[in-house]
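The structure presented is a predicted model; accordingly, all values stated were derived computationally and were not measured.
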Number of protein chains: 2
Amino acid sequence: MGLDLGALALRYTGLSVSDHDSIVAINIFVALLCGCIVFGHLLEGNRWVNESTTALLMGLLTGFVILLVTNGVNSRILVFSEDIFFIYLLPPIIFNAGFQVKKKQFFRNFMTIILFGAVGTLISFVIITLGAMGLFSKLDVGPLQLGDYLAIGAIFSATDSVCTLQVLNQDEAPLLYSLVFGEGVVNDATSVVLFNAIQNIDINHFDALVLLQFIGKFLYLFFTSTILGVAAGLLSAYIIKKLCFARHSTDREVAIMILMAYLSYMLSMLLDLSGILTVFFCGIVMSHYTWHNVTESSRVTTKHTFATLSFIAEIFLFLYVGMDALDIEKWKLASSSPKKPIALSAVIMGLVMVGRAAFVFPLSFLSNLSKKESRTKISFKQQVIIWWAGLMRGAVSIALAYNKFTTSGHTAVRVNAIMITSTVIVVLFSTMVFGLLTKPLINLLIPPRPGMAADISSQSFLDPLLGSLLGSDFDVGQVPPQTNLQLLLTMPTRSVHRVWRKFDDSFMRPVFGGRGFVPFVPGSPVERSVQGPSLGTVTEAEDHS
Amino acid sequence: MGLDLGALALRYTGLSVSDHDSIVAINIFVALLCGCIVFGHLLEGNRWVNESTTALLMGLLTGFVILLVTNGVNSRILVFSEDIFFIYLLPPIIFNAGFQVKKKQFFRNFMTIILFGAVGTLISFVIITLGAMGLFSKLDVGPLQLGDYLAIGAIFSATDSVCTLQVLNQDEAPLLYSLVFGEGVVNDATSVVLFNAIQNIDINHFDALVLLQFIGKFLYLFFTSTILGVAAGLLSAYIIKKLCFARHSTDREVAIMILMAYLSYMLSMLLDLSGILTVFFCGIVMSHYTWHNVTESSRVTTKHTFATLSFIAEIFLFLYVGMDALDIEKWKLASSSPKKPIALSAVIMGLVMVGRAAFVFPLSFLSNLSKKESRTKISFKQQVIIWWAGLMRGAVSIALAYNKFTTSGHTAVRVNAIMITSTVIVVLFSTMVFGLLTKPLINLLIPPRPGMAADISSQSFLDPLLGSLLGSDFDVGQVPPQTNLQLLLTMPTRSVHRVWRKFDDSFMRPVFGGRGFVPFVPGSPVERSVQGPSLGTVTEAEDHS
């Protein structure tokens, strides 16, 4: 009858106009988003809070109000769905991260970032899993199986370093910034890949072969996802370069870039790869090639559009998590002994701190061994900040926990409800308490230079990333003269960089475009007004007329 | 249990990651959108087709392929839902129309536009309704009631003038352009308001009182919707002016503008007003006040972001309509006598042409009476073009037809199936055949000046609208000196304009910002690179290396 696919598709066609409740829900959500931006701005003078905390608090508050209005029956407008998260909210955030990253710093510290982001996450995963297996039984949580413990390890290995990035200054502490930022992205991808790999392996027969399979699967996902993202980025660059949309319309270029990026993410999902990695590398390639092929207005537009979409998605996310935290249904189910989720959360927080310490300090030591100049070594104070930056848990943890422990946002099993409430407590506690302590801690460890302090606090966490597109590149700056052998032994990445740069200049850029390989367009003043909005130079004078 | 709202919301949380089919559907749709942009660009050299036609053809083709793949069972990936249309696709299109409209031309011809868009649509509605009542019975369509005939009148009064706007040149024919454009927007709103008003009145007791109620409701909807949109626009201007986001981040300004515009639309839906009118006036107010209060990069970004979103929504729409046209389910149901929908469509097309002629020529005559200068009068050739421009029927007709004659995109009643298929035929035929004839017809009636011709064909239909934001305004240009009495008698709109302009300068702009009332920002070169992308100046030289 053809109704199968049709009826199925119907379920996913979005909101029904005739349904009053969903229109109310959209209205409340959009109004709250506006409120978050305005309040977040007003509270910015305050050194302790930031946009994420504001959104989280407003979410909690709204949840509380809804709870009162519905007489304690409900606290959420939308049921938390990991699908909204993975299909709509995560792609713009991660793509923007790739698009705005300072590529020079990122690739200079590539090995260290991979070390922290991939190996470190695996170490943290093992420690949290083993710790949970040892300690949870004493708390009488309920019947958890090996698969559950492994999932818990993966869920709580996903860090959320936005709070730290909002405080760190990219110009003052470039090394630290790129390490924390890079680790955050690689960590997101690693946790999700890990989580998916765990869901797919047969845990009952866990032996060396399964472990090997697991590692193989992990590496396969990692590389194919990256290649897909790079391919999508290059394709977009090629299409725009060949078709020369510039002659006609900015809108087409922007549309092609947005659609191709999203397509790469969804294609990756379709092929069961890691969409996060794909879209991240798609963003990097697009900012290296495609972005240079478009008109100047497209450049300004894409840069800010991607940042805005990411900004909205992030606020939405925290609002969502805050509102969901008060979900009475799960609390009732979990609270036969109300202390249990709290005790469990404390244990998890402890494991998170230990698990993170267990790789940050040893891996920093390892990384320092390979470096000659003391300037590029990671000092102990910096190590402490890196450790601290990864203690926060965010929306990825919530999304994975919902995926594992609920069915479409609902659960009726007590142990699952306890796990969800514990995750929510860990996320709220770490984001709020640790988040608030981040600024004082960093100011204590790296005292800000006078004159720069005001700038730091008034910058959005996205600003340091902006305006870096033209000036940054895959190129590595002033390398002191060294023999090739020395280079290969001590700094393999730099040698690789040199080869890459040669390849990029002689083959990639001529084919795909990029800085310096775009036909000159009269009347399009390249590199003008693209160096980022003049945020710091705005006068304090306001029109009071 | 709190499950009511929760379970309800769950239905609307979008796509399920675990559901393979929906990921496939998203992938196909996004890939098709990319394809439409690329092919639309490649086919642009061809004088006959445009982006809409390309999208429509690609939709038909895809539907055909799906039909083959599923062995004639299905042709659509997504069931057409008027909800997707009204909640996601229409708001960006209409908002962008308001945001990019040349306000000077629009308000100069305000009375004529309202005359065509509101009064004209009502005349057309009456004629189509009466004609359908008289002629349909002879075709033995099936049991239709008075409410159905009224709905048919409203459905086929909704014009789609995109094709004509793509061909008309705003600089060569400013009067004609603003009339066709303005009528299109007011017509959209009028048809939807009309349609909603019909759904709500009691038809069984149709007398003078009901008619009066109907007119009252219509006027109420018209004015409250407009006021809501204006209020939302002014609020956004005030917030951005007072908070001075400029000091910090472009992203917040862009986010606030997008969210406030969408909020005004959804709020209008919530209050059962006309979201189209609300968001259109919100766009006008935002471009007059808010847009001048933001940083330069925000200006470039918003201008192109809104245009891009509108562009994507429009392509999506035509793709969607094309794909839905082959829906085998409805064709089977309707085709007990396969000629019936075709005959019906022919009758409807005839009624549409008569209904439009019945108001374009008389109203033009009326409008010309009130004008002194022959320059501002509407010539007969121009009247023919206005008549032709409104013959195409588009997505609004489809959406309204689906709303009236199906339940969630499905129908099992034969007469309803016939009405849907006839609507689809009318839309396809008018868009394709009339659309293709538009360019030759206009070239015949208004021969393009040599040297301008190349520009016309290579411009996207959005371009003429861009770059007009700074130069245009509510101001009316050179008015020949006249006495106040003379002004009031012959040109009431100009007198109103003068009062408005005084009020705007002395009260509105100081409070809400706007051109000339924004604090000077050093380092932010206002009015630089905002005059639209230098589209026409791009060299033909391409990098073939």
Return the CD1 to CG distance between Ile26(A) and Leu267(B), rounded to the nearest 0.5 Å. 12.0 Å
Here the pair of heavy atoms bringing Ala307(A) nearest to Asp251(B) is CB-OD1, 3.4 Å
Val24(A) vs Leu270(B), test: side chain to side chain contact (heavy atoms under 4.5 Å, CB included). Steps then yes/no. CA-CA 7 Å; Val24(A) 173; Leu270(B) 184 67; 3.5 Å; yes
When rounded to the nearest 0.5 angstrom, what is the spacing between NE2 in His41(A) and CD1 in Ile240(B)? 10.5 Å
Checking His304(A) side chain against Thr250(B) main chain: does a donor-acceptor pair fall under 3.5 Å? no
Contact class of Ile312(A) relative to chain B, heavy atoms under 4.5 angstrom: side chain
Heavy-atom closest contact (Met266(B) atom, Asn27(A) atom, distance): O-ND2, 3.2 Å
Could you give the distance from CG (Leu243(A)) to CZ (Phe39(B)), rounded to the nearest 0.5 Å? 10.0 Å
Thr301(B): which residues meet the side chain to side chain donor-acceptor pair (under 3.5 Å) condition with it, sequence neighbours left out? none
For residues 256-263 of chain B, please give each side-chain donor-acceptor pair under 3.5 Å, one per line with the distance, not counting sequence neighbours.
from      : atom 1 : to       : atom 2 : distance (Å)
Tyr262(B) : OH     : Ile87(B) : O      : 3.0

Check Ala255(B) against Ile37(A) and note the closest heavy-atom contact, atom names and distance. CB-CD1, 3.7 Å
